[in-house]
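These values consider heavy atoms only, across backbone and side chains, with no hydrogens, waters or symmetry-generated copies. Proteins get letters first, then strands, A, B, ... in listed order; numbering begins at 1 in each. In this text, all values refer to a predicted model and were calculated from it rather than measured experimentally.
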Number of protein chains: 2
Amino acid sequence: MVSFERFTMEDGSPIYQQIVLYLKREAVAGRVMDGDELPSRRVLSALLGVNPNTVQKSYRILEEEGLIQSHSGAKSYMVLSGQKLSRVTAELLESEAKAAVRTLKQMGISKEEAMALFSRYWE
Amino acid sequence: MVSFERFTMEDGSPIYQQIVLYLKREAVAGRVMDGDELPSRRVLSALLGVNPNTVQKSYRILEEEGLIQSHSGAKSYMVLSGQKLSRVTAELLESEAKAAVRTLKQMGISKEEAMALFSRYWE
DNA sequence: CTAACTGTATTATATGACTGATACGGATTG
DNA sequence: CAATCCGTATCAGTCATATAATACAGTTAG
């Protein structure tokens, strides 16, 4: 069963996107694997304190990307081939790195300052 | 006169927030300085292709933070003491670093992998 | 002075995100 | 078989974002 223990709500971005990204990141980390059972829409919405429709939107998006399999009436499961995992990993890393680099460059931060910043905030 | 040459619209976050962040980053970079004249609400809205009310919202937020001074009927100017600049710099760097580190850690990326990733995407 | 520009304010409309309530049929379990 | 869970769908309402159209008073430049 996929765990949402590490999930924490941020404000700013839509909740359904946060859920989508959470599951993708957990998959990249290897904590969510192919065939893992997902909590039902109702159970997860109660756990996170959000509306079932919001969770449904997340699951629908993931199913459209082929990362979830849902049969009407039955439980939902993760579908994670090696190829899909590679695609998701590359997608997440690129978007994360590009956004950070772009922002810091606009602030006039040098590469050395940026590296030192990340190193410091890593712990 | 403050330039918006480097401004590019992203989708995802509100436009008024993008304008606020743009001006803060330009100030941190030193390209926007104390006393600099800002484009009027109408001129900037036409330049960016957005509604004047959206620009007004950005300027109002910046004024509430003390980074802009507006007199009814007259032009608006940046107000950037060294203290304010330090505060903004720290605020932007911390939020940027924290967000990136948090995301990459959830993906199970090691510190070394993360540093290599940033180094590669810096160009 | 006057025209043009400025900041500021108001009202209305539209869309996306989120919530709340409810309903239906399929799948599973006792 | 029947109860319960499941996925799926719909409708209504709220809130934030953004647009559009005005309006008015203060400032400034010709």
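Atom CG in B:N53 sits about 17 Å away from atom P in D:dA16, given to the nearest Å. Distance, A:Q56 CD to D:dC11 P: 16 Å, rounded to whole Å. In this structure, B:K57 places its NZ atom 13 Å from C1' of D:dT19, rounding to the nearest Å. B:L48 has its CG atom 12 Å from the P atom of D:dA18, to the nearest Å. As rounded to whole Å, 12 Å separates atom P of D:dT17 from atom CD of B:Q18. Rounded to a whole Å, the NZ atom of A:K75 is 9 Å from the P atom of D:dG7. At whole-Å resolution of the value, CE in A:M1 and C1' in D:dC6 are 12 Å apart. In this structure, CD of A:E37 is placed 14 Å from C1' of D:dG7, rounded to the nearest angstrom.
Mapping A:T54 and A:H71 onto DNA chain C via the closest heavy atom, the residue that lands nearer the 5' end is A:T54. Heavy-atom distances to DNA chain D give each of B:G49 and B:R42 a nearest nucleotide, and the one nearer the 5′ end belongs to B:G49. Each of A:S13 and B:R60 was assigned the nucleotide of DNA chain C with the nearest heavy atom; the assignment lying further toward the 5' end belongs to B:R60.
Closest of all the heavy-atom pairs between A:L85 and A:A27 is CD1-O, 3.6 Å.
Ionic pairing of A:E123 and B:K111 is not present here: no N-O contact between side-chain nitrogen and carboxylate oxygen is shorter than 4.0 angstrom. Salt-bridge formation is not detected for the pair A:E5/A:R31: no Lys NZ or Arg NE/NH1/NH2 atom is positioned less than 4.0 Å from an Asp or Glu carboxylate oxygen.
Side-chain contact check for B:E26 versus A:Q106: some heavy-atom pair is nearer than 4.5 Å. The closest side-chain heavy-atom distance from B:L104 to A:L93 is below 4.5 Å.
Rounded to the nearest 0.5 Å, atoms CG (B:L23) and CD (B:E65) are 11.0 Å apart. For the atom pair CG of A:L38 and OG of A:S58, the computed distance is 11.0 Å after rounding to the nearest 0.5 Å.
The footprint of chain A on DNA chain C, defined by a heavy-atom cutoff below 4.0 Å, extends from C:dA17 to C:dA27.
For B:Y16 and D:dT17, the shortest distance from a side-chain N or O to OP1 or OP2 is below 4.0 Å.
A donor-acceptor contact under 3.5 Å links the side chain of B:N51 to the base of D:dA20.
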